[in-house]
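Below is one structure, written out as structure tokens; the observations come after it.
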Amino acid sequence: MKMTKAKRNRLIYNVVTFALVIIAFFVLQSMIDAKTITRSLKGQLVPICCWIVMAVSLNLVVGISGELSLGHAGFMSVGAYTGAVVSGLLLNVYQIEDASARLAIAIVAGGLMAGIVGALIGIPVLRLRGDYLAIVTLAFGEIIRNLVNVLYIGTGDGRLYMSFLTKKLPEGVVMLVDGAKGAVKIKPISTFIAGFILVLITLAVVLNLINSRAGRAIKACRDNRIAAESMGVNVTKYKMTAFVTAAVLAGMAGALYGLKSSTIVPTQFTFNQSINVLVFVVLGGLGNVLGSVISATFLTILPETLRAFADYRMLVYAVVLILVMIFTNNPTIRSFVNRLIAPFKKKESTPGGDAQ
Amino acid sequence: MTAFLRFLINGVSLGSVYAIIALGYTMVYGIAKMLNFAHGDVIMVGAYISYCGMQYWGVPPVASILTAMVVCTVLGITIEGLAYRPLRQAASLAVLITAIGMSYLLQNVALMIWGANPKTFPQTFINGASLNVGDMSISSATIITILANVLIMVALTLFTAKTKMGKAMRCVSEDRGAAELMGINVNRTISVTFAIGSALAAIAGVLLCSSYPILQPTTGSMPGIKAFTAAVFGGIGSIPGAMLGGVLLGVIEIFGKAYISTELGDAIVFAVLIVVLLVKPSGLLGKPMREKV
């Protein structure tokens with residue numbers, strides 16, 4: 001059977017994406033083994049993996065499904081808190097000492113919890129359109145942050161205690177989540193290998209989804225909702241698929257992120273963090289998975305390496321966001337750029353037929 | 001009972017600030033069909049300019065508020081011309097991301113100019129003597145805020161109903177293409193809308209900081225988001241809707257904080273937004289939008 005050109009291009013794209021990630025992993029791992037890696041970069045490895053997963057999953061919502069979600073950090077925070085509680089529970093109550101087993105269970109639990117929250121949010125939200133959806137996801141992100149601010153969870157006597165609004169836990173309980181202080185006394189168990197595996201899983205899930213029947217339906221809803229609906233595509237179902245998948249992945253990234261340090265505070269997962277991830281996605285290219293991976297990696301390393309840049313980071317991000325949007329969406333500028341690069345491009349379309 | 005009345009009046013006062021901000025959102029949304037995310041940060045700029053006027057330049061309060069209005073008007077027109085006009089034909093996602101970028105730009109420029117330390121907004125004529133009714137005292141800031149809101153609302157309603165520019169605005173919001181064919185300068189109309197919205201934002205900034213005198217680069221973002229919620233609540237595109245939505249939201253927020261939980265005040269406001277959007281997506285006074293293929 002002959003492969004179509006589009007199919008071949010897609011295969012090449014996927015192979016290149018996976019190959020780059022795997023090569024990067026082995027290079028970094030060998031650097032760790034040879035102890036030639038700088039300390040700051042070593043500390044950045046797990047966060048980089050988390051942000052890659054966040055960016056790729058947000059790209060699924062914004063780039064592929066075409067809905068602007070401004071509450072992605074909310075799912076990350078759900079995952080982080082769940083991960084911290086589950087890991088604490090496994091250690092304190094079930095006495096599971098094996099760190100990698102705890103990490104794996106915590107990540108899965110974080111993903112599940114974020115997926116449930118994502119589904120609960122998605123059912124009402126995905127009926128809305130455009131700007132409304134963006135503002136409601138923002139609202140949900142803020143609600144989640146508000147709720148974890150008054151959440152108290154602890155373990156003691158072999159069971160889990162939980163209270164809401166006020167701290168009503170019995171004496172002698174080991175606090176896991178302490179209201180505005182966040183999740184406390186976490187045993188850091190995240191590893192670079194776990195992060196790498198999570199990135200691979202994310203890429204496999206997202207790339208498979210994009211190239212599947214469901215993915216084509218999601219893109220059809222993005223390009224023209226009414227046309228897709230009249231072709232019999234169940235718009236809500238496919239938008240939901242993309243949204244919940246992204247939520248699960250963000251929750252897993254959150255669990256990994258939460259378990260890398262000893263505390264997490266609610267202010268780590270604000271609206272700013274959602275915008276941060278959005279910048280990764282927009283800079284990498286909406287709908288371009290490899291682009292998200294690359295931009296998430298570099299924009300996480302850059303502020304650490306360039307101290308001077310860290311001060312102006314948000315300023316530069318803001319300008320970049322505006323410029324990228326204007327340059328890619330203004331018809332005049334676009335046709336100008338196209339004319340500039342036209343002589344260097346291979347002629348693909350037949351004269352007279354401008355296929356769109 | 002006194003406590004209840006006090007919360008109610010505080011709620012109406014806070015809601016009046018939201019309503020003035022919401023006007024900017026609702027007018028821009030109605031006419032340019034875009035969510036101007038940077039509107040909340042124009043409030044912050046307005047507050048900083050009037051702060052500087054009173055604190056550093058030694059200008060009387062009224063003059064510094066007027067300066068802030070002029071600066072914000074120019075800022076609004078500039079933002080629209082530089083960032084939003086090139087995207088007039090683009091998808092709404094692109095415009096929204098640009099607006100978010102603009103919001104961040106304003107916040108970070110303010111951070112560079114004025115620093116991250118919160119500034120205390122000076123007491124002005126707005127914080128004058130308080131009015132005593134029975135055993136309850138109402139601060140003058142509260143009264144001035146509510147009065148300003150009513151005044152602005154009446155003026156804007158008259159403006160859109162009677163003047164030529166107001167009619168042009170209504171035309172553009174109804175059907176931009178047809179308005180253009182009728183010889184209305186759409187770009188100029190949108191610029192004027194941004195100018196009015198931004199001037200109102202400056203007033204809102206001063207009123208907000210008179211009641212809650214802490215000023216920092218992020219001061220505008222939360223009231224901005226809540227005001228947008230208010231605009232959606234009242235029905236986006238409708239001027240009386242913005243007023244109603246703003247006042248109701250302010251009352252809900254203060255009551256929520258007083259009677260349910262202080263920490264969950266914001267969550268309650270946003271929960272209201274979600275419920276409204278689910279039950280009546282066009283808002284309280286909005287017209288339902290029909291989708292054409």
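Below, chains carry the letters A, B, ... as their sequence lines are ordered, and counting in each starts from 1. Both backbone and side-chain heavy atoms feed into the values below; hydrogens, waters and symmetry mates do not. Remember, predicted model here, so these are calculated numbers, not experimental data.
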Please confirm whether the backbone N or O of S173(B) pairs with a side-chain atom of K33(B), one donor and one acceptor, at under 3.5 Å?
-> yes

By number, which residues in residues 140-147 of chain A have some heavy atom less than 4.5 Å away from chain B?
-> F140(A), E142(A), I143(A), N146(A), L147(A)

Test ring pair (Phe, Tyr, Trp, His ring centres under 6.0 Å) applied to Y84(B) - qualifying residues, sequence neighbours left out | F194(B)

Mark yes or no for whether K119(B), through its side chain, and W114(B), through its backbone, hold a donor-acceptor pair below 3.5 Å.
-> yes

Pick one of side chain, backbone, both or neither for L82(B), based on which atoms fall under 4.5 Å of a heavy atom in chain A.
-> backbone

Max heavy-atom pair count under 4.5 Å with chain B, selected residue of L323(A), N272(A), N224(A), V62(A) = N272(A)

Okay, side chain of H39(B), backbone of S198(B): is any donor-acceptor separation there less than 3.5 Å?
-> no

Proximity breakdown for V269(B) and chain A, heavy-atom pairs closer than 4.5 Å = neither

Is the shortest side-chain N to carboxylate O distance from E253(B) to K257(B) below 4.0 Å?
-> yes

For the pair F243(A) and I121(A), evaluate side-chain contact (heavy atoms from CB on, under 4.5 Å) and give the outcome as yes or no after the intermediate values.
-> CA-CA 9 Å; F243(A) 195 73; I121(A) 293 172; 4.2 Å; yes

Chain A: which of T229(B), T98(B), V95(B), L106(B) shares the most heavy-atom pairs with it under 4.5 Å?
-> T98(B)

Heavy-atom donor-acceptor pair, T193(B) side chain to V28(B) backbone, under 3.5 Å = no

Report the option among M102(B), Q89(B), R88(B) that has the most heavy-atom pairs separated by less than 4.5 Å from atoms of chain A.
-> M102(B)

Considering only heavy atoms from C-beta outward, does the side chain of M34(B) approach that of N36(B) to under 4.5 Å?
-> yes

Assert top hit (heavy-atom pairs under 4.5 Å, partner chain A, pool I268(B), V232(B), N108(B), I100(B)) equals N108(B)

When heavy-atom pairs shorter than 4.5 Å are enumerated against chain B, which of I275(A), V150(A), N149(A) gives the highest number?
-> I275(A)

State, with a plain yes or no, whether a side-chain heavy atom of F75(A) is found less than 4.5 Å away from one of V117(A).
-> yes

Check whether L264(B) gets within reach of chain A through its side chain, its backbone, both or neither, counting any heavy atom under 4.5 Å.
-> both

If you take all heavy atoms of I196(B) and M27(B), which pair is closest and at what distance?
-> CG2-CE, 4.0 Å

Largest heavy-atom contact set with chain B, pairs under 4.5 Å, which of L321(A), N329(A), L315(A) | L315(A)

Applying a strict 4.5 Å limit to non-hydrogen atoms, the region of L273(B) in contact with chain A is side chain

Verdict with reasoning, Y29(B) to Y25(B), per ring pair (Phe, Tyr, Trp, His ring centres under 6.0 Å) = CA-CA 6 Å; Y29(B) 198 95; Y25(B) 275 114; 9.2 Å; no

